[in-house]
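Only this structure's heavy atoms are used, side chains among them; waters, hydrogens and symmetry mates stay out. For reference, positions follow the sequence shown, starting with 1.
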Amino acid sequence: LAERSVVRRERTYKRKWWPDVGVGDVVRGSLATVRLEGDLRIERQQYACGAGISVTERASMEVSTWT
């Protein structure tokens, strides 16, 4: 029998602030610079204010494998 396990691919990146996206949200995204594409779960956010609000964010994506 094959057993299904879930692996998470995590990346940290910077982006502009979006008012409706917070920790725990699942967003559909394509972040080619960090090689994430699909449904991303926001794991952590850190805000910086200056000429605008920027976010350093950590997101993960489930990668299903069969073992």
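- When all heavy atoms are compared, the tightest approach of G22 to I42 is O-CB, 3.5 Å.
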Tell me which donor-acceptor pairs under 3.5 Å the side chains of residues 50-58 have, and how far apart each pair is, sequence neighbours excluded?
unit_1, atom_1, unit_2, atom_2, d
E57, OE1, Y13, OH, 2.5
E57, OE1, R15, NE, 2.9
E57, OE2, R15, NE, 3.4
E57, OE2, R15, NH2, 2.7
E57, OE2, Q45, NE2, 2.7
R58, NE, E10, OE1, 3.3
R58, NH1, T12, OG1, 2.5
R58, NH2, E10, OE1, 3.1

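- Among residues at least two apart or in separate chains, salt bridge (Lys or Arg N to Asp or Glu O under 4.0 Å) pairs with a member in residues 36-55 are R8-E43, R28-D39.
- In terms of hydrophobic clustering, with Ile, Leu, Val, Met, Phe, Trp and Tyr side chains grouped at heavy-atom distances under 4.5 Å, V23 and V26 are assigned to different clusters.
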